[in-house]
K.L.:
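Encoded as structure tokens, here's the structure I'll be asking about.
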Amino acid sequence: AMELVVATIGLTLGILNQEMFSIIVVVAIATSFMAPLGLRLTMRKVRMTEEESRRILVEESKGALDCERLRVLVPLEGGGPNYAAAAIIAAGLGKRSAYPVEFLHVQAPLRLRERLSRTFQRADPALDMEAWLSHSMAWFSGAKTPSLRRVEHEYVAAAILAEAATGADVLILGATQQDNSLGGPIFEEVIQAAPCHVVIVKSGSGAALAKPFQRLFVPFDGGVLARTAIEFAVAYAEAFDASVTIALESDPQRSDALAPSGGPASFDAADTDEQLLNRISSVFRVSPIKPEVVRLAYDPLATAVREEAARGNYDLVVIGAENRAVQNRLFFGHQNERWIRRAGAAAAIVVPNLERLGRARAAFVKPERRATSSERPATAAS
């Protein structure tokens, strides 16, 4: 095209005569026809290198999280075991990322009287964020040094959402300490309007949190929420060389339990663990983590899954869920609420951003299809 443009300009200016212009046009047409024929003949002999094949496979198997470019934001409102557990998980997710984990401390603007009174008061160790972050640095060995950002804002939820909107991929929240609940009004606003995936972390009873979690347990019911929780657990396990166990319930009345696209089932009970893992998520094609698959009989009350979790001595339970808020109350389903309150191990509730999840799985889940009621976690992960 550029050759024809230049030839036309040359002819207009009188630099080229009719004969030369005709020759240039014929050459342009001839080479345009020769190029695809030549490529078809020569590209057969070009072999893709092992490195390039691996790179393409990794690009196609990222799932919901791109661990190499993951931006993790951890809002802090104080110390405590829940925030320590959130920091451990953030360290695992940020291990391979090119971006450092960012801790955010939102504080309401102080009046002049409060500023003066704090000047003469001794600092509260529980609220000393620099000291708390320094204590957490052991978990970030091998990762980029995390940063601490202080923001003054009258509304904590609005400040967190504003920071998340600047490019965060995962928002990790430590559960509140009040009434054994996961969160209060601030969490409700953040989860409802978060532009990214949200993870709520609750530490186990009596957990010292002196080292990262090493034994992860993920219940799987075939839905996209549980599948995202598995990918989250695998991303963490790769950083700390942890083990992952997937509890898979088989219900003979649900034939689509493991259909990745929500279509007809593409497995049977004779499938090996490797075949099941590849159908659960594409990340297992490249991940060094090969979870153990525990096959359980379908139980509408999820009793079998809870018994397996208690029997396996796991230190972190990862659950995929959605916010089913009623009148602005943070709610993840009765089974999940019961699980979180009674489980002795730490729990991580993964709440995927469905819009972001749809873009990440454009080639994995049909975009025009909504999740059916059978795909939503109504058993082990509801």
Side-chain angles (χ1 to χ4, degrees), residues 64-106 129-151 159-161 163-164 166-176 182-183 186-187 190-191 194-204 207-214 216 218 228-229 231-242 244 315-320 345-353 356:
L65 303 175
D66 185 357
C67 295
E68 295 181 356
R69 292 185 288 271
L70 197 65
R71 293 179 180 268
V72 181
L73 178 64
V74 186
L76 300 174
E77 296 181 43
N82 290 343
Y83 294 98
I88 292 176
I89 292 179
L93 294 182
K95 207 84 164 180
R96 293 165 46 195
S97 178
Y99 303 101
V101 174
E102 182 177 357
F103 290 94
L104 175 67
H105 181 218
V106 182
M129 294 298 164
E130 281 80 4
W132 186 89
L133 186 59
S134 176
H135 175 72
S136 305
M137 283 302 298
W139 301 320
F140 289 87
S141 175
K144 289 185 176 295
T145 303
S147 62
L148 174 62
R149 178 177 173 80
R150 293 180 179 271
V151 175
I160 295 175
L161 290 172
E163 289 295 323
T166 59
D169 298 305
V170 179
L171 191 62
I172 302 181
L173 306 171
T176 60
L182 287 178
I186 295 177
F187 279 21
V190 170
I191 292 176
C196 58
H197 306 308
V198 179
V199 180
I200 304 178
V201 183
K202 189 176 186 298
S203 65
L209 296 178
K211 59 181 181 179
F213 304 108
Q214 290 296 315
L216 280 62
V218 190
T228 304
E231 294 177 358
F232 168 87
V234 170
Y236 170 88
E238 288 178 353
F240 290 121
D241 196 23
V244 179
D315 53 10
L316 179 64
V317 178
V318 183
I319 303 173
I349 312 302
V350 180
V351 186
N353 181 280
R356 185 182 287 255

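Nothing fancy with the numbering, it's 1 onward along the sequence.
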K.L.:
Say whether, by atom type as modelled, one donor and one acceptor occur between the side chain of Asn82 and the main chain of Lys202 under 3.5 angstrom.
P.N.:
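Such a contact is absent between Asn82 side chain and Lys202 backbone.
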K.L.:
Hey, can you tell me if Phe213 and Tyr236 have their rings parallel, tilted or perpendicular (30° and 60° cut-offs)?
P.N.:
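Tilted, since the angle between the ring planes falls between 30° and 60°.
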K.L.:
Report the distance from atom CG of Leu161 to atom CG of Leu73, rounding to the nearest 0.5 Å.
P.N.:
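The CG atom of Leu73 is 10.0 Å from CG of Leu161, to the nearest 0.5 Å.
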K.L.:
Return the minimal non-hydrogen interatomic distance between Ala348 and Ile89, and the atom names on each side.
P.N.:
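So the two residues come closest at CB-CD1, 4.1 Å.
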K.L.:
Find the distance between CD1 (Ile200) and CD1 (Ile319) and round it off to the nearest 0.5 Å.
P.N.:
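Answer rounded to 0.5 Å: 11.5 Å.
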K.L.:
Under a 4.5 Å cut-off applied to non-hydrogen side-chain atoms, are Asp169 and Asp66 in contact?
P.N.:
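Side-chain contact under 4.5 Å: no.
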K.L.:
Which pair of heavy atoms, one from Phe140 and one from Ala87, lies closest together, and at what distance?
P.N.:
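Answer, listing the atom of Phe140 first, then Ala87: CZ-O, 3.9 Å.
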K.L.:
To the nearest 0.5 Å, tell me how far Thr166 OG1 sits from Arg71 CZ.
P.N.:
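Reported to 0.5 Å precision, the distance equals 7.5 Å.
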K.L.:
Nearest 0.5 angstrom please: Ile172 CD1 to His197 NE2, how far?
P.N.:
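Atom-to-atom, Ile172:CD1 and His197:NE2 are 12.0 Å apart.
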K.L.:
Can you name the nearest heavy-atom pair linking Glu231 to Leu65, along with the distance?
P.N.:
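Closest heavy-atom pair between Glu231 and Leu65: O-CD1, 4.3 Å.
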K.L.:
Minimum heavy-atom separation for Ala90 and Val101, please, with both atom names.
P.N.:
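Scanning both residues, the minimum pair turns out to be O-CG2, 3.5 Å.
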K.L.:
Less than 4.5 Å apart, side chain to side chain, heavy atoms only: is that true for Pro75 and Leu171?
P.N.:
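Yes, side chains in contact.
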K.L.:
Can you name the nearest heavy-atom pair linking Val244 to Ala237, along with the distance?
P.N.:
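Answer, listing the atom of Val244 first, then Ala237: CG2-CB, 3.6 Å.
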K.L.:
Could you report the tightest heavy-atom contact between Lys95 and Ala239, atom names first, then the distance?
P.N.:
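Residues Lys95 and Ala239, closest heavy atoms: CB-CB, 3.5 Å.
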K.L.:
Nearest 0.5 Å, please: how far is CD in Gln214 from CG in Asp241?
P.N.:
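Rounded to the nearest 0.5 Å, the CG-CD separation comes to 7.0 Å.
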K.L.:
Rounded to the nearest 0.5 Å, how far apart are CD1 of Ile88 and CH2 of Trp139?
P.N.:
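The CH2 atom of Trp139 is 4.0 Å from CD1 of Ile88, to the nearest 0.5 Å.
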